[in-house]
Amino acid sequence: MTKRIRVSTGYKPHKYQLEIHRMLKRFSVVICHRRFGKTILAVNELIDKALRIDTARSLPGVAGAPRYGYIAPYLKQAKAIAWEMLKAFTANIPNMRKHESELWVEFPHNGARIQIFGADNADALRGGYFDGVVCDEPADFKLGVWSKVVRPMLADRNGWALFIGTPKGLNELYELYTYGLEEDNDWVSLIYPVTETIDDIPHLSKEEIEDIRKKAEKEGKENEFRQEFLCDFTASTTNTLIPIDSVLAAAKRSLRRDQYEFAPVIFGIDVARFGDDSSCIVRRQGLAVFDPIIMTGFDTTQVIGRTAVEINKHNPDAIFVDGGRGEGVIDGLRALGYTVTEIPFGGKALNSKKFRNKRSEMWYLMAQSINTGLSLPTSVKLQTELTLPMYSYDEQGRIKLEKKEDIKERSGGSPDIADGLSLTYAMPVRPRIIPRSTSDNRKQEEYDPFDF
């Protein structure tokens with residue numbers, strides 16, 4: 001008979017940490033304010049699972065000892081915080097093995113191992129498996145680390161994942177949180193703003209939080225407080241071209257057909273620049289934007305073919321294609337007899353006194369349209385991308401949009417769909433003849449995007 005030994009890690013969860021431990025599912029997204037104790041919670045969830053897993057049972061998938069991971073955006077950051085915490089909370093467990101250079105601890109009774117990783121070195125993750133993993137601030141991970149590296153590592157062992165973080169706009173964490181709100185037995189999303197927890201977290205006081213809020217207000221950093229303490233995904237930075245709340249408002253709007261059927265149908269086609277980017281077709285008619293067609297992994301011929309299908313289906317009045325990487329698509333469509341217009345993002349703006357280049361102008365016009373009645377589809381990815389670019393002014397005082405490459409480097413995402421939508425604002429397009437069914441007193445859209 002195996003002798004059971006009772007050990008204490010020293011972890012004493014507060015009310016909401018305990019609540020989270022009890023509510024976790026296979027995939028859990030936990031949004032919590034600063035100083036909540038999310039790292040302590042996550043590390044102890046890993047320890048608890050590693051202690052309790054029964055290796056005598058038949059493990060599915062890959063044979064081997066249980067493996068758990070804690071992944072932070074940067075290995076240096078993970079080592080400074082999570083590694084020290086992991087060692088501290090396992091210090092009272094007899095005969096624990098640990099490896100300082102490889103950052104793992106191993107439990108003597110079952111061989112279960114918890115290892116610390118950084119998303120900045122995805123190669124260190126490849127080739128293994130996970131019974132469970134914590135993703136700390138996944139929105140700051142390098143692009144594809146979760147979807148292409150970590151997620152497949154859970155498949156063999158039917159592993160679980162816990163995502164923890166604090167809002168920083170509409171990003172990958174927001175997408176995961178939104179997905180977790182859907183009715184899915186494997187997913188759960190939880191959110192804890194400081195206004196709900198302040199009375200039950202021992203190390204925080206109302207006076208301290210109020211002092212932080214006042215300081216943020218005094219320094220003009222109210223949005224930072226909203227993000228970090230109120231868990232507000234809608235708090236935008238001051239130089240964001242399209243505020244998050246404007247995007248969310250546009251996504252809630254719905255239009256009747258008679259409110260846009262008189263307007264020209266316009267296609268914006270953004271062609272993938274790199275292997276992990278997507279080509280997309282965005283269709284807009286007046287103030288109505290429809291679900292985008294996203295083409296990932298398509299070659300030029302496939303993009304041409306799919307675009308031809310959509311053209312024949314919707315008979316657009318104008319087709320604007322990104323000229324930066326879309327030469328092959330443009331030539332292919334023209335060879336098939338379609339009329340398309342090449343738009344160089346870096347080209348001269350129609351209003352060159354106000355905008356640095358064509359892309360800055362198109363995005364500005366799109367932003368104005370969002371603020372004046374545009375109806376966006378329910379695509380969370382499009383909504384996320386619209387909030388990514390920041391703007392500034394050049395030496396001539398013209399509006400300059402953040403480069404796509406810089407956005408990708410900063411956020412890990414590429415605004416491919418949003419660029420496609422912006423292309424629908426490239427040039428004025430003559431309105432269609434109003435259908436006979438349209439009454440004489442029906443108003444057309446009043447917003448003129450080229451009325452500077």
Side-chain angles (χ1 to χ4, degrees), residues 3-14 16-18 20-22 24 28 30 32 34-55 64-138 140-141 145-146 149-150 153-154 157 159-166 201-204:
K3 183 180 179 181
R4 291 181 176 272
I5 300 175
R6 180 180 294 275
V7 296
S8 173
T9 64
Y11 175 49
K12 297 180 180 179
H14 58 64
Y16 298 103
Q17 288 171 328
L18 187 60
I20 291 169
H21 287 301
R22 291 171 175 170
L24 294 179
S28 307
V30 179
C32 43
R34 295 295 180 196
R35 311 308 304 161
F36 178 90
K38 63 181 178 66
T39 305
I40 293 176
L41 177 149
V43 166
N44 279 279
E45 181 66 21
L46 288 168
I47 294 172
D48 183 70
K49 288 293 192 295
L51 279 168
R52 293 176 184 273
I53 191 167
D54 182 5
T55 54
R67 292 291 180 261
Y68 299 91
Y70 182 102
I71 308 173
Y74 303 98
L75 182 60
K76 185 176 181 180
Q77 170 193 29
K79 183 177 181 180
I81 301 174
W83 174 237
E84 296 303 321
M85 200 173 289
L86 179 60
K87 289 190 295 181
F89 282 112
T90 56
N92 292 335
I93 301 175
N95 302 317
M96 283 291 295
R97 295 179 61 208
K98 67 175 183 290
H99 199 296
E100 284 286 348
S101 61
E102 294 185 8
L103 306 181
W104 55 254
V105 298
E106 190 172 280
F107 295 78
H109 67 293
N110 60 9
R113 181 180 293 181
I114 302 173
Q115 188 165 358
I116 305 297
F117 298 95
D120 52 337
N121 183 17
D123 290 338
L125 292 163
R126 298 181 188 275
Y129 60 87
F130 283 131
D131 291 86
V133 65
V134 169
C135 295
D136 189 353
E137 301 291 358
D140 293 332
F141 286 11
V145 169
W146 158 246
V149 180
V150 179
M153 295 173 68
L154 299 173
R157 304 284 283 256
W160 55 267
L162 167 59
F163 305 94
I164 57 174
T166 302
I201 296 183
H203 58 270
L204 288 182

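Just so it is clear, the values below take in all heavy atoms, side chains as well, and ignore hydrogens, waters and symmetry mates.
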### Message
If I compare all heavy atoms of I53 with all of P66, which pair ends up nearest, and what's the gap?
### Response
CG2-CG, 3.7 Å
### Query
What residues form a side chain to side chain donor-acceptor pair (under 3.5 Å) with E106, not counting sequence neighbours?
R97, R113
### Message
So, taking the atom named CD1 in I114 and the one named CG in D131, what distance separates them when rounded to the nearest 0.5 Å?
### Response
11.0 Å
#### Entry: Residue list, salt bridge (charged side-chain N to carboxylate O under 4.0 Å, His left out) with R35, at least two apart or on another chain
none
### Message
Within the 4.5 Å heavy-atom criterion, are P138 and W146 side-chain neighbours or not?
### Response
no
### Message
I'd like to check the side chain to side chain contact (heavy atoms under 4.5 Å, CB included) partners of K76; sequence neighbours left out, ordered by chain and number.
### Response
none
### Task
Check the surroundings of atom OH in Y74: do more than 12 heavy atoms from other residues, nucleotides or ligands lie under 6.0 Å from it?
no
## Note on the structure
Separation between CD1 (I81) and OH (Y70), nearest 0.5 Å, reads 7.0 Å
### Task
Under the side chain to side chain donor-acceptor pair (under 3.5 Å) rule, collect the residues that match up with N95, sequence neighbours excluded.
none
### Task
Dump the intermediate steps for side-chain contact (heavy atoms from CB on, under 4.5 Å) on L125 and I71, then the final yes or no.
CA-CA 10 Å; L125 292 163; I71 308 173; 4.0 Å; yes
#### Entry: Pair V150-F141, side-chain contact (heavy atoms from CB on, under 4.5 Å): steps then yes or no
CA-CA 11 Å; V150 179; F141 286 11; 5.5 Å; no
### Message
Taking side chain to side chain contact (heavy atoms under 4.5 Å, CB included) as the definition, give me every residue that meets it alongside L103, ordered by chain and number, with sequence neighbours left out.
### Response
L75, K79, W83, I116
### Query
Ignoring hydrogens and geometry, is there a side-chain-to-backbone donor-acceptor pair from E137 to A72 under 3.5 Å?
no
### Task
Please list, chain by chain and in numerical order, all residues satisfying side chain to side chain donor-acceptor pair (under 3.5 Å) with R34, sequence neighbours excluded.
none
All N/O donor-acceptor pairs, side-chain side in residues 36-46, below 3.5 Å, sequence neighbours left out:
unit_1 : atom_1 : unit_2 : atom_2 : d
K38    : NZ     : D136   : OD1    : 2.8
N44    : ND2    : I40    : O      : 2.9
E45    : OE1    : H21    : ND1    : 2.6
E45    : OE2    : K49    : NZ     : 2.3

### Message
I need the minimum non-hydrogen distance between G111 and R67, along with the two atoms involved.
### Response
O-NH1, 3.1 Å
### Message
Holding to salt bridge (charged side-chain N to carboxylate O under 4.0 Å, His left out), I want the full list of residues that pass it with K87, two or more places apart in sequence or in another chain.
### Response
E84, E100
### Query
Listed by chain and number, what are the salt bridge (charged side-chain N to carboxylate O under 4.0 Å, His left out) partners of R52, not counting sequence neighbours?
D48
### Query
Below 4.5 Å, heavy atoms only, C-beta onward: do H109 and L51 meet side chain to side chain?
yes
### Task
Might you point out which heavy atoms bring P108 and M96 nearest each other, and give the distance in Å?
CD-SD, 3.8 Å
### Test salt bridge (charged side-chain N to carboxylate O under 4.0 Å, His left out) applied to E102 - qualifying residues, sequence neighbours left out
none
### Message
Students often mix this up, so state it plainly: with edges at 30° and 60°, are the rings of H99 and W104 parallel, tilted or perpendicular?
### Response
tilted
### ring pair (Phe, Tyr, Trp, His ring centres under 6.0 Å) partners of F107, counting only residues at least two apart
none
### Message
Testing the basics here: between Y129 and R157, what is the closest heavy-atom pair and its distance to 0.1 Å?
### Response
CE1-NH1, 3.0 Å
### Summary
Those residues at least two apart in sequence (or on a different chain) that pass side chain to side chain donor-acceptor pair (under 3.5 Å) with S8 are none
